[in-house]
Every structure is written in C-alpha cells, then in structure tokens.
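The structure under discussion appears below in the form of structure tokens.
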Amino acid sequence: MTSARTLLTGGRVLSMDPAIGELPSADLLVEDGRITAVRPDIDATEVDERIDARGCLVLPGFVDTHRHMWQAVLRGSGADQTLDEYFATVLHTLAPRLTADDLHTGNLLSALGALDAGVTTVQDISNVDKPTEEYTDALLDALTDSGLRSVFAYGHGTEQDARRVRTRRLHSKDGLVTMALNAEAGSDQAIRRGWALARELDLPTALHVRGGRPVSRLHRLGVLRPGTVFIHGTGMEDGELRMIHDSGGALSVAPAIEMTMGHGLPPFAAAAAAGLLPSLSVDVEVAAPSDMFTQMRAAFQIGRFAALQGHAGPEAPLLTAREVLEFATLGGAGALGMADAIGSLTPGKQADLLVLRTDRPGVAPVHDATAAVVSSMDRADVDTVMVAGRVVKRQGRLQYAGLSRLLARAQDVRDRLAAR
C-alpha cells in the first residue's frame with residue numbers, strides 16, 4: 001500500500017526543475033502518490049512515514065525509453081556479438097525456444113533490475129515474435145506485477161491481439177502500465193497498415209531507425225505523427241533528425257549497445273543541432289547492463305570524444321554532466337509523453353524518485369552532485385526507490401517478496417537452454 005503522506009528529510013535535492021534547482025538540504029513531501037512540496041524545513045507533523053535522506057542525493061527516477069525486456073532471461077549471453085550475430089542468435093535461435101513462462105520471467109527480471117538501479121520507467125519494446133494471447137499476457141502480467149512504471153510497446157503480433165490489449169487491458173492512459181505500438185518498417189503497405197492501427201487505437205509509436213532516410217519515407221507515406229520515439233538514429237542522412245524534431249517526435253539513444261554492436265556513432269551532437277533533447281536506453285540486456293549509470297557514462301564519454309576528435313563536426317559542443325543527467329530524466333519523460341507527470345521533482349508530479357548514498361568510498365567526497373551521479377555512482381549507491389509514492393527499494397533492498405523464486409526460475413531457463 002502507498003503511504004498517504006511520506007516525508008523525505010534533509011537530502012541534497014537535484015530537482016531537474018529549473019524553477020527549483022539544486023537544494024543543498026531540503027525536504028520532499030509525498031501525498032497520495034504525488035509530490036506536493038520540495039523545500040527546506042517542511043512542517044509535516046502528521047505523516048505516515050519519514051525517510052531520512054541526510055547525506056544523500058534525492059533526484060527523479062531514471063527513464064529508459066527503449067528496452068527489449070524479455071531478453072533479461074538471456075543476460076550476458078551476447079556480450080561479444082555484433083548486430084548481425086545478435087539477430088541470428090537471440091532473435092532467430094533462442095527466442096523461438098522460450099515459453100510463455102520464460103517470457104514472464106524475463107520481463108519481471110528486467111523490471112526488477114530496473115527498479116534496483118533507480119530506473120522507475122521503462123518503455124518495453126516487445127519484439128519477441130510470439131503473436132498469441134498467452135505470450136502477450138505473460139509479458140503484460142510481469143509488468144503489472146513488478147511495480148515499475150512502464151510503456152508496453154506491442155510489436156510482432158497481430159492487429160486483433162493489439163486491439164484486445166488496448167480495449168481489455170491497457171485502455172487507460174493513467175495507469176502504471178500504458179500502451180504504445182512498435183511500428184517497425186516493412187513494405188509501404190505494411191507501414192501504412194501499422195500506423196493506421198496506431199491512429200485507430202490512439203497509441204504513440206516507436207521504431208528503430210538507422211542509416212538512410214527512414215523518417216523521410218514515413219513523411220512520404222503520410223504516416224509521420226507526433227509522439228513517435230525514434231530509436232538509435234545513427235548514420236542517417238542530413239535533415240532526418242530535424243524532421244524528427246519538426247514532427248514532434250523524440251530520439252532514444254542506446255550508446256553502450258550502439259558502440260559495442262556496431263550501429264554507428266551515437267548522434268548526440270547532431271541531435272543538439274536539430275533541436276532534439278535525446279533520451280537514453282539500455283536496449284538489450286544480452287550485451288549491456290540494465291542500469292542508467294552505464295548509459296550516462298557511455299553517452300558522456302562518447303559525446304565528448306566525438307566532439308574533441310572532430311567526429312561530430314567542427315562546431316560540436318562538449319557534452320556536460322548536467323546535460324547527460326537531463327537525457328536520463330527529463331529527456332526520457334518528454335520522449336514518452338510524460339513530461340507533465342515524471343522527470344523532475346516538481347510539486348504535482350508523480351512521486352517517482354530515488355535516494356543515492358554518498359558515503360561509499362568510491363563516491364565520497366562529493367564536490368559536484370550532478371557530476372557524482374554521472375561519473376562516479378552505480379546501482380550499489382541506490383538506497384531508496386519510489387514509484388508513484390510506493391517504496392519499491394528500501395535501504396538498499398528490493399521490496400519484492402518473490403525475488404528468490406524468480407531468480408531460481410531464471411537459472412532454470414538458462415540451464416534448459418544450455419542443455420539444448
């Protein structure tokens with residue numbers, strides 16, 4: 001149950017709200033799942049719970065705008081794979097062997113791994129080719145059971161099943177789990193049909209784009225619409241990122257995977273030149289860890305290297321730690337159409353937040369709080385995580401009763417796949 005009134009006291013607040021800024025020591029009041037006050041010395045004598053955040057950082061929960069969550073059950077199995085090898089091994093060989101229970105295990109494991117690392121919202125790009133109600137419901141049940149705020153981007157299924165999910169399971173825009181459509185490219189006819197379904201069901205869309213002029217193609221076909229998350233965006237021709245901006249779309253960058261699998265240079269400088277605030281994403285856990293600290297560091301290092309070495313153009317600015325933290329919070333919220341609900345510690349928004357300890361030897365002393373988050377911290381520093389006012393991680397421990405059983409199921413899946 002969500003406490004009606006929870007008070008976090010004495011934390012160093014990185015609000016990500018320009019009107020509030022960074023507060024060296026402040027309290028944060030949560031009432032009925034929403035932030036109602038952020039300021040020093042809040043007088044709240046009648047609260048259900050107090051969380052002592054002294055000596056800690058308090059900031060918005062991280063937002064991951066693109067993750068294939070079912071693949072958590074295959075974690076680390078493709079660390080050395082190129083993109084083509086990933087397609088052949090993970091999507092075409094291992095995925096067909098997974099049962100509905102396996103997919104439930106993968107989605108739930110990914111969701112809990114996200115929460116453990118302070119990621120409070122994930123867009124699940126559900127690209128497993130199992131177009132039956134049993135498999136779809138297994139994926140959805142895991143998300144709803146986890147306590148994670150998530151967007152279920154339905155893909156590789158049937159129009160009939162997508163309509164069922166929309167009308168029977170994810171009809172509300174205000175639930176903790178909402179729906180989008182993974183509208184991947186294909187023939188012109190398939191594109192028009194898929195995007196027409198998104199309009200019919202009133203759903204945002206997401207798709208992978210890489211190289212060439214894929215956004216221009218959508219424009220030519222008359223389907224380009226606001227609220228679309230374009231994933232990767234590497235190596236595209238001039239004007240494509242500007243077209244994303246002008247259409248009301250957003251960009252999701254997965255810097256760790258894009259570099260290790262060979263998608264191309266993450267387009268941070270080009271996105272800035274096009275007026276886009278990128279978001280960050282884990283992508284596939286077969287080859288990348290599921291925390292946002294890894295993605296922020298990869299983005300920071302790649303973006304600065306590209307600018308310093310001239311790979312991002314002669315006028316490319318150097319990324320700052322503050323900008324990268326914005327990618328992981330406000331950028332993600334905006335990309336998913338949730339900027340009015342999450343992404344900053346603003347009164348009235350959902351209480352999706354995390355408390356980071358600063359007293360570990362790998363972090364202390366903290367001179368610049370933002371730089372510490374981006375350059376020094378990891379999931380071990382995540383002390384407390386809250387989603388919609390509910391504490392899902394407390395004093396470094398996930399509050400999920402079935403965790404040991406879930407881990408045992410994941411081991412069973414691994415052993416069964418290895419035996420084959």
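Worth knowing before you read on, the calculation uses all heavy atoms, side chains too, and leaves out hydrogens, waters and symmetry mates. One is the number of the first residue; the rest follow in order along the sequence. Quick caveat, the model's predicted, so the values are computed rather than measured.
Taking the charged nitrogens against the carboxylate oxygens, R97 and D102 have no contact shorter than 4.0 Å, which rules out a salt bridge. Using a 4.0 Å cut-off between charged nitrogen and carboxylate oxygen, R54 and D359 do not count as a salt-bridge pair. In this structure, R322 does not pair ionically with E22, as no charged nitrogen and carboxylate oxygen lie closer than 4.0 Å.
With 3.5 Å as the limit, one finds no donor-acceptor pair spanning the side chains of D161 and T158. Residues N127 and W70 bring a donor and an acceptor atom of their side chains to less than 3.5 Å of each other. Between the side chains of N107 and S110, not a single donor N or O lies within less than 3.5 Å of an accepting N or O. Using modelled atom types, one finds no donor on one side chain facing an acceptor on the other under 3.5 Å when comparing Q295 with S281. Between the side chains of R163 and Q160, not a single donor N or O lies within less than 3.5 Å of an accepting N or O.
Within a 6.0 Å radius of CG in D80, no more than 12 heavy atoms belonging to other residues, nucleotides or ligands are found. When the shell of 6.0 Å around CZ of R357 is examined, it contains 12 or fewer heavy atoms from other residues, nucleotides or ligands. Other residues, nucleotides and ligands contribute more than 12 heavy atoms inside 6.0 Å of the CD atom of E200. The 12-atom threshold is exceeded at CZ of R360, counting heavy atoms of other residues, nucleotides or ligands nearer than 6.0 Å. By the 6.0 Å contact criterion, NE2 on H156 is enclosed, its count of non-hydrogen atoms from other residues, nucleotides or ligands being greater than 12.
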Exercise. Could you go step by step and tell me if I342 and K349 meet the side chain to side chain contact (heavy atoms under 4.5 Å, CB included) rule?
Worked result: CA-CA 6 Å; I342 60 172; K349 286 192 175 185; 5.8 Å; no
Exercise. Between T120 and F62, is a side chain to side chain contact (heavy atoms under 4.5 Å, CB included) present by the stated rule, with each step listed?
Worked result: CA-CA 6 Å; T120 54; F62 299 127; 5.9 Å; no
For this session: Before giving the answer on salt bridge (charged side-chain N to carboxylate O under 4.0 Å, His left out), spell out for D378 and R297 the whole-Å C-alpha distance, their side-chain angles and the decisive distance to 0.1 Å.
Result: CA-CA 10 Å; D378 57 42; R297 271 193 281 282; 5.5 Å; no
For this session: Determine, step by step, whether T36 and R5 satisfy the side chain to side chain donor-acceptor pair (under 3.5 Å) criterion, reporting the C-alpha distance in whole Å, the side-chain angles of both residues, the deciding distance to 0.1 Å, and the verdict.
Result: CA-CA 10 Å; T36 56; R5 287 166 61 85; over 6 Å; no
Exercise. Going through the checks in order, is the salt bridge (charged side-chain N to carboxylate O under 4.0 Å, His left out) test met by E133 and R168?
Worked result: CA-CA 12 Å; E133 293 186 10; R168 298 183 188 177; 5.2 Å; no
Exercise. Where do I257 and H263 land on the side chain to side chain contact (heavy atoms under 4.5 Å, CB included) test, with the steps shown first?
Worked result: CA-CA 8 Å; I257 286 295; H263 294 65; 3.5 Å; yes
For this session: Could you walk me through whether H66 and V229 pass side chain to side chain contact (heavy atoms under 4.5 Å, CB included), step by step?
Result: CA-CA 9 Å; H66 153 233; V229 177; 5.8 Å; no
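Annotation for I20 and L345: closest pair CD1-O, 3.4 Å, computed over non-hydrogen atoms. Heavy atoms only, all atoms of each residue included: D27 and G10 are closest at OD1-N, 3.0 Å. R217 approaches G186 most closely through the heavy-atom pair NH2-O, 2.6 Å. Of all heavy-atom pairs spanning M386 and V391, the tightest one is CE-CG2, 3.8 Å. Taking every heavy atom of both residues into account, G227 and P204 meet most closely at O-CB, 3.6 Å. When every heavy atom of T234 is checked against every heavy atom of R210, the shortest pair comes out as OG1-CG, 3.1 Å.
Interatomic distance, CG of N182 versus CG of L207, reported as 7.5 Å (0.5 Å rounding). Here the CG-CG distance, from L112 to L108, works out to 4.5 Å after rounding to the nearest 0.5 Å. Within the model, atoms CZ of R12 and CG of L356 stand 12.0 Å from one another, a figure rounded to the nearest 0.5 Å. We find the CG-OG distance between L139 and S150 to be 11.0 Å, quoted to the nearest 0.5 Å. The distance from atom CZ of R379 to atom OG of S290, rounded to the nearest 0.5 Å, is 4.0 Å. Going from atom CD of Q399 over to atom CZ of R390 covers 8.5 Å, rounded to the nearest 0.5 Å.
By the 4.5 Å heavy-atom criterion applied to side chains, Y400 and D145 are counted as neighbours. Between L109 and E285, every side-chain heavy-atom pair lies at or beyond the 4.5 Å cut-off. Residues T9 and I51 are not in side-chain contact: their nearest non-hydrogen atoms beyond the backbone lie 4.5 Å or more apart. Residues L251 and P267 have side chains in contact (heavy-atom distance under 4.5 Å, counting atoms from C-beta outward). Side-chain contact between R149 and L336 is absent, with no heavy atoms from C-beta onward closer than 4.5 Å. Under the 4.5 Å side-chain criterion, counting only non-hydrogen atoms from C-beta, W195 is in contact with L218. For the pair T136 and R169, the minimum side-chain heavy-atom distance is 4.5 Å or more. In this structure the side chain of Q71 reaches within 4.5 angstrom of the side chain of L91, judged on heavy atoms.
In terms of modelled atom types and a separation under 3.5 Å, the side chain of T294 and the main chain of D291 share no donor-acceptor contact. In this structure, S247 contributes its side chain and I244 its backbone to a donor-acceptor pair below 3.5 Å. Judged by distance alone, the side chain of R34 and the main-chain N or O of G348 form a donor-acceptor pair under 3.5 Å. Not one N or O on the side chain of S126 forms a donor-acceptor pair closer than 3.5 Å with the backbone of Y154. Between the side chain of D352 and the backbone N or O of A388 there is at least one donor-acceptor pair closer than 3.5 Å. Although no hydrogens or angles enter the test, the distance criterion places a donor-acceptor pair under 3.5 Å between the side chain of R166 and the main chain of L201.
Between H68 and H208, the ring centre distance stays below 6.0 Å.
The side-chain contact (heavy atoms from CB on, under 4.5 Å) search around S279 returns T65, S252, A335, not counting sequence neighbours. For D246, the side-chain contact (heavy atoms from CB on, under 4.5 Å) partners two or more places apart in sequence, or in a different chain, are R242.
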Tabulate below the donor-acceptor pairs under 3.5 Å that side-chain atoms of residues 170-180 make, not counting sequence neighbours, or state none.
| from | atom 1 | to | atom 2 | distance (Å) |
| --- | --- | --- | --- | --- |
| S172 | OG | D174 | N | 3.0 |
| K173 | NZ | D202 | OD2 | 2.9 |

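If you run side-chain contact (heavy atoms from CB on, under 4.5 Å) between L59 and each of V13, L325, L353, only L325 comes through.
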